[in-house]
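First listed ligand is number 1; within each ligand, the first listed atom is number 1.
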Amino acid sequence: MGSWNYKVFWDEVINQAKGDLGEHEFAMWFNIAYDSSTESSVIIAVPSNFYRDQLISQYQKYLESKLFEITGKRLGVEFIVQKPIGTEQEKADARQEDPDPSTKRQSRQKADERSARERGKHPQLRADYVFENFVIGDNNGFAANAALAIAKNPGTSYNPFLIYGGVGLGKTHLMQSIGNRVWVESPKMKVICITAEDFTNEFIQSIHDKTTQNFKNKYRNVDVLLIDDIHFLQNKLGSQEELFHTFNALYDANKQMVFTCDRPVSELKNLSDRLRSRFERGLNVDLQPPNFETRCAILKKKIESTRIAVPDDVVDIIAKNISTNVRDLEAALTKLAAYAQLVRKDITLEIAQSQLKDVFSQSKHGNVTIDNILRVVADYFKLSYNDLKGKKRTKNIAFPRQIAMYIARDITEYSTTELGFEFGGRDHTTVMHACQKIEERLKLDPNLESTIQSLVRSIKDYSSKS
Ligand code: ADP
Ligand code: MG
């Protein structure tokens with residue numbers, strides 16, 4: 001047996017990884033140390049099983065190929081789990097006053113990493129639903145910044161925080177990011193994350209088991225309570241009642257609550273008024289579908305983390321063709337990556353087009369375009385297409401235009417910004433205003449609803465033929 005030592009090579013790998021991955025990702029996952037070498041592998045100590053599994057799935061291949069580049073030898077990377085050592089000394093170091101703020105920051109960062117390490121992963125939170133993986137665009141900027149502020153000082157402002165919006169737009173991701181951030185930065189805080197459905201089931205079970213007191217204690221003794229998809233509570237009066245009391249207890253104790261919902265709270269049905277008013281009490285923000293640039297940025301972020309080579313023109317056609325939601329964007333990319341891996345080819349525009357043909361045509365909603373909406377609405381009101389799209393503001397044009405905007409908002413996935421652009425280069429606030437106007441009129445005028453419904457049918461009909 002020779003005594004192998006690949007430490008210098010490993011150090012170089014780590015050096016390069018720091019540059020490749022960026023500071024944050026590196027700090028998050030490379031909490032590891034060289035341990036020893038065998039003839040054919042380098043053995044690396046990691047602080048927990050969780051880290052080991054993540055490193056194997058996310059980074060092992062990458063590290064091995066780096067090692068190969070540097071040594072010219074095919075060496076394996078193996079991980080062993082070792083409890084962190086020297087923490088007493090590190091704690092002593094951290095206690096010492098250090099005049100240099102950068103060192104202080106480093107030691108604080110170390111302390112954070114250590115607490116994350118000691119605490120492990122939060123059992124109910126996904127490790128990848130963190131702020132660092134959340135791309136901010138004008139569709140979600142306000143929500144994301146509010147979420148960051150809340151994670152920094154839970155319970156002090158914006159309580160409760162409620163995120164609403166359509167499926168696949170990042171509600172769960174953003175909510176869990178708050179949980180993950182608090183979990184890492186405030187080791188003393190208790191965080192619970194649960195879906196409204198599980199909350200309901202657990203509550204019912206506790207009645208059955210006669211353990212409601214335990215249930216109450218559990219949910220009334222947290223620092224941060226995250227409840228996903230509260231639209232599930234519609235019609236569930238018992239669970240609403242229970243949540244109402246939980247809410248009051250947490251609210252009075254300044255404990256942070258975060259909820260997500262697939263629509264504005266005002267549109268929930270069969271929800272008690274008092275719970276509704278609690279949900280609406282703090283800050284309610286919506287997530288909109290991302291615009292083209294944000295869709296590209298999200299794809300690029302995702303590509304970065306998976307380390308698959310995807311050319312820009314491919315990113316471009318995916319982002320152009322899938323505007324519905326982020327989950328579909330990711331699914332397209334995953335499909336493409338899986339195919340490329342299977343046939344061992346690089347992803348090209350041709351491959352993307354042929355592999356994603358079906359995905360693209362599905363997400364087009366039977367070809368409903370703004371143009372089609374304008375044509376059908378113009379026809380119905382006996383106006384010209386150009387008038388409807390143009391700048392004239394006379395009443396007989398303004399109202400049909402508002403209807404067209406309202407319908408477009410309802411049945412396409414365009415953001416208000418994109419719609420403003422499509423409707424003759426208007427501002428997104430014009431679109432929002434139009435939708436509000438129509439919503440108000442809908443409340444007063446029962447005929448308008450059926451007019452709109454029949455327009456929508458015609459538009460879909462027209463679109464499926466075009
Ligand atoms: P929702 O809860 O609104 O249905 P999710 O939070 O489950 O949506 O998001 C769907 C997927 O899209 C997740 O994989 C999430 O990570 C991703 N995603 C959504 N928004 C963003 C964003 N702004 N940046 C990066 N990924 C995002
Ligand atoms: Mg969700």
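- Residue contacts with ligand 1 for N133 involve N, CA, C or O but no side-chain atom from C-beta outward (heavy atoms, distance under 4.0 Å).
- Looking at atom 7 (O) of ligand 1, its nearest protein heavy atom turns out to be R327 NH2, 2.8 Å.
- For ligand 1, the atoms lying closer than 4.0 Å to a non-hydrogen atom of G166 are 3 (O).
- The nearest heavy-atom contact from the protein to atom 2 (O) of ligand 1 is T172 OG1, 2.7 Å.
- Between F30 and Y59, the ring centre distance stays below 6.0 Å.
- F292 does not carry R295 over the face of its six-membered ring by the limits of under 6.0 Å from the centre and within 45° of the normal.
- Taking atom 8 (O) of ligand 1 as the reference point, the nearest protein heavy-atom neighbour is G170 N, 3.0 Å.
- In this structure, R281 forms a cation-pi arrangement with Y251, its terminal cationic atom sitting closer than 6.0 Å to the ring centre and no more than 45° off the ring axis.
- Looking from atom 13 (C) of ligand 1 to the surrounding protein, the closest heavy atom is Y129 OH, 3.6 Å.
- Scanning the protein heavy atoms around atom 18 (N) of ligand 1, the nearest turns out to be V326 CG1, 3.2 Å.
- In this model, no donor atom of one side chain and acceptor atom of the other lie less than 3.5 Å apart for E440 and Q436.
- Inspection of the D209 and T211 side chains reveals no N or O donor paired with an N or O acceptor under 3.5 Å.
- Between N235 and N270, the side chains place a donor N or O and an acceptor N or O closer than 3.5 Å (distance only, hydrogens not considered).
- With hydrogens left out, the protein atom closest to atom 21 (C) of ligand 1 is F134 CE1, 3.7 Å, a heavy atom.
- Residue contacts with ligand 1 for E330 involve side-chain atoms from C-beta outward but no N, CA, C or O (heavy atoms, distance under 4.0 Å).
- At least one N/O/S atom of T172, whether from backbone or side chain, sits less than 2.8 Å from the Mg ion (ligand 2).
- Within the cation-pi definition used here (under 6.0 Å to the ring centroid, within 45° of the axis), R401 does not qualify as a partner of F423.
- Remark: ligand 1 atoms within the under-4.0 Å shell around heavy atoms of N140 are 23 (N).
- Both the backbone and the side chain of V135 come within 4.0 Å of ligand 1, counting heavy atoms alone.
- Summarising the local packing, CD of Q341 is surrounded by 12 or fewer heavy atoms from other residues, nucleotides or ligands at distances under 6.0 Å.
- Between A144 and ligand 1 there is no heavy-atom distance shorter than 4.0 Å.
- Looking at ligand 1, you'll find an N or O of G168 within less than 3.5 Å of one of its N or O atoms.
- In this structure, F199 has its ring center at least 6.0 angstrom away from the ring center of F232.
- Ligand 1 places these atoms under 4.0 Å from at least one heavy atom of V167: 4 (O).
- For ligand 1, one of its N or O atoms has an N or O atom of L169 under 3.5 Å away.
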Apply ring pair (Phe, Tyr, Trp, His ring centres under 6.0 Å) to F259 and F279, showing your working. CA-CA 8 Å; F259 304 108; F279 284 148; 4.9 Å; yes
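- Side chain to side chain, N254 and N159 fail the donor-acceptor criterion of an N or O pair below 3.5 Å.
- For atom 15 (C) of ligand 1, the closest non-hydrogen atom on the protein side is H173 ND1, 3.4 Å.
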